[in-house]
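Have a look at the structure below before the remarks.
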Number of protein chains: 2
Amino acid sequence: MTDTRTRILDLAEKLTQTKGFKEFSYLDLAADIGVKSSSIHYHFKAKADLALALVKRHRYRLDEVYARFDRDLVTPQERLRAVLAHFKEYIVDDRICMCGMMAAEFESINPGVRRELVHYFRDFQDWLAKQFSQLGHANPPTVGLQFLSALEGSLLLVRLEGDASVVDHALDGFVTR
Amino acid sequence: MTDTRTRILDLAEKLTQTKGFKEFSYLDLAADIGVKSSSIHYHFKAKADLALALVKRHRYRLDEVYARFDRDLVTPQERLRAVLAHFKEYIVDDRICMCGMMAAEFESINPGVRRELVHYFRDFQDWLAKQFSQLGHANPPTVGLQFLSALEGSLLLVRLEGDASVVDHALDGFVTR
DNA sequence: GTCTATAGGCAGATAGAC
DNA sequence: GTCTATCTGCCTATAGAC
């Protein structure tokens with residue numbers, strides 16, 4: 001059985017991706033996990049602490065994903081396609097990018113979490129730039145930003161029509177050209 | 001002096017663009033406008049009514065913007081640049097696209113408002129497709145979606161770095177190629 | 001670690017006077 | 001149209017027992 005702390009993080013991540021971080025309560029978490037809300041406070045004293053743990057874990061995991069792709073996949077095209085597939089897995093559960101959601105909630109997020117968010121997107125863009133650099137693009141950071149923007153934007157839009165191909169079409173051209 | 005109803009809508013729109021629709025209360029609106037929250041309820045009985053009025057007014061206004069651009073501007077490039085400039089005006093106030101924000105909050109939004117949101121983005125994409133069609137693109141709807149995704153995504157990201165050029169770079173290529 | 005109990009505050013919403 | 005007063009419910013958070 002997974003420990004409570006991890007189960008809290010997993011559920012909080014899912015709820016952030018679907019509803020937003022401000023849109024669930026410790027009571028929601030407690031009810032779903034099967035404990036009392038005071039137990040959630042034991043693991044994460046304030047909700048801001050939960051937010052920080054959430055983004056830090058997410059950054060750490062993304063680093064692992066990059067490392068795995070860099071190690072196991074040969075061409076930049078393969079790696080870009082793999083990242084796209086990774087985000088497309090969210091769609092079936094009506095999730096979007098957790099950090100994209102938090103970016104929308106940016107104004108009500110505290111400085112420590114903001115800093116982590118900034119780093120998340122910088123790391124992401126840097127990794128993307130590296131791939132486009134290997135593909136011989138003239139301006140890799142810009143193309144990385146374009147990929148990132150199109151990805152975040154299309155994840156925002158995909159739930160409205162309920163058609164996952166929106167993401168494919170929005171990113172069309174980046175992995176083939 | 002602007003009537004109270006309009007002042008409520010203006011303030012609610014601004015707060016939705018910065019914090020999100022679920023992140024402000026009737027108390028917030030009341031305090032800023034200088035009335036009591038019961039007066040806000042007089043104009044918009046439930047908060048869902050306010051959401052609907054907000055998106056409907058926004059759609060109506062966007063239609064007017066399209067019409068003005070179609071009438072006053074000659075080339076598709078000029079019109080695309082004008083739309084981009086329109087959204088870039090938000091950035092100085094840390095606003096993002098109101099409907100983009102609501103798209104992030106999609107899961108906690110009621111069916112009537114969802115429908116309006118869907119129509120907003122369809123109209124936007126259709127208008128964009130028309131411009132790209134005139135520019136001779138092979139697949140105008142797809143390019144319209146790419147423009148829209150990159151716009152929404154970059155508006156999400158622009159507040160993290162506080163650098164407005166993010167939007168320009170993310171949309172680079174669409175108006176020049 | 002998890003529980004019971006509780007505090008203090010703010011949310012959306014309504015009734016009825018002016 | 002705007003007010004006062006009020007209801008109910010949920011929120012984050014804490015104290016202290018087991």
Side-chain angles (χ1 to χ4, degrees), chain A residues 1-55 57 101-102 104-114, chain B residues 1-57 98 101-102 104-114:
Chain A
M1 188 58 152
T2 325
D3 64 289
T4 305
R5 192 191 144 89
T6 305
R7 287 201 291 157
I8 294 169
L9 285 170
D10 289 345
L11 181 56
E13 178 165 309
K14 187 189 162 188
L15 288 171
T16 302
Q17 288 181 278
T18 48
K19 306 170 69 181
F21 182 76
K22 291 287 288 294
E23 299 311 310
F24 67 85
S25 70
Y26 272 31
L27 254 15
D28 294 330
L29 297 175
D32 238 72
I33 291 175
V35 293
K36 296 295 170 180
S37 67
S38 51
S39 297
I40 314 286
H41 279 285
Y42 169 79
H43 294 282
F44 303 97
K45 201 167 193 320
K47 213 183 167 193
D49 299 321
L50 174 57
L52 195 61
L54 227 37
V55 186
R57 186 179 78 155
M101 184 64 91
M102 285 191 173
E105 298 177 291
F106 193 66
E107 296 283 312
S108 44
I109 273 176
N110 79 354
V113 181
R114 286 185 176 195
Chain B
M1 189 56 152
T2 326
D3 64 288
T4 305
R5 192 191 144 90
T6 305
R7 288 201 292 158
I8 294 169
L9 286 170
D10 289 345
L11 181 56
E13 179 165 309
K14 186 188 162 189
L15 288 171
T16 302
Q17 289 181 277
T18 49
K19 305 171 69 180
F21 182 75
K22 291 288 287 293
E23 299 311 311
F24 67 86
S25 70
Y26 272 31
L27 254 14
D28 294 330
L29 297 174
D32 237 71
I33 291 175
V35 293
K36 297 295 169 180
S37 69
S38 51
S39 296
I40 313 286
H41 279 285
Y42 169 80
H43 292 282
F44 303 96
K45 202 170 194 319
K47 213 184 167 194
D49 299 321
L50 174 58
L52 195 62
L54 227 36
V55 185
K56 280 192 169 170
R57 187 179 76 155
M98 189 189 78
M101 183 65 90
M102 285 191 173
E105 298 177 293
F106 193 66
E107 295 284 311
S108 45
I109 273 175
N110 79 355
V113 181
R114 285 184 176 196

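Each chain gets a letter, A, B and so on, in the order the sequences are listed, and its residues count up from 1.
Both Asp28(A) and Lys45(A) lie near DNA chain D, and the one whose nearest nucleotide falls closer to the 5' end is Asp28(A).
Between dC10(C) and Ser25(B), no contact under 4.0 Å exists linking OP1 or OP2 to a side-chain N or O. At least one side-chain nitrogen or oxygen of Ser39(B) sits closer than 4.0 Å to the OP1 or OP2 atom of dC3(D).
Within 4.0 Å of Lys47(A), counting heavy atoms only, lie sugar-phosphate atoms of the nucleic acid but no base atom. Within 4.0 Å of Phe44(B), counting heavy atoms only, lies no atom of the nucleic acid at all. If you check every strand for non-hydrogen atoms under 4.0 Å, Tyr26(B) touches sugar and phosphate atoms only.
The CD1-P distance, from Ile40(B) to dT14(C), rounds to 15 Å in whole Å. One interatomic measurement links the two molecules: NZ of Lys22(B) to C1' of dC10(C), which rounds to 15 Å at whole-angstrom precision. dT2(C) atom P lies 9 Å from atom CG of Asp3(A), rounded to whole Å. The nearest whole Å value for the distance from the CG atom in Leu50(A) to the P atom in dC11(D) is 15 Å. Atoms CG (Leu29(A)) and C1' (dC10(D)) sit 14 Å apart, rounded to a whole Å. Taking atom NZ of residue Lys36(B) and atom P of nucleotide dC10(C), one finds them 14 Å apart after rounding to whole Å. One can place NE2 of His43(B) at 16 Å from P of dA13(C), the figure rounded to the nearest angstrom. Rounding to whole angstrom units, NE2 of residue His41(B) and P of dC3(D) are separated by 13 Å.
Between Leu9(A) and Phe44(A) there is a side-chain heavy-atom pair separated by less than 4.5 Å. Side-chain contact check for Lys47(A) versus Phe21(A): some heavy-atom pair is nearer than 4.5 Å. The side-chain heavy atoms of Ile109(B) and Met102(B), taken from C-beta on, include a pair separated by under 4.5 Å.
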For this session: Test side-chain contact (heavy atoms from CB on, under 4.5 Å) on Leu11(B) and Asp28(B) and set out the steps.
Result: CA-CA 10 Å; Leu11(B) 181 56; Asp28(B) 294 330; over 6 Å; no
For this session: Let me see the working for Glu13(A) and Arg57(A) under salt bridge (charged side-chain N to carboxylate O under 4.0 Å, His left out), right down to the final yes or no.
Result: CA-CA 10 Å; Glu13(A) 178 165 309; Arg57(A) 186 179 78 155; 3.2 Å; yes
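Residue Thr4(B) has its side chain nearest to dT2(D) when only dT2(C), dA13(C), dT2(D) are considered. Nearest to the side-chain atoms of Val35(B) among the listed nucleotides dC3(C), dC3(D), dA13(C) stands dC3(D).
With hydrogens and angles ignored, no donor-acceptor pair closer than 3.5 Å exists between the side chain of Ser38(A) and the base of dT14(D).
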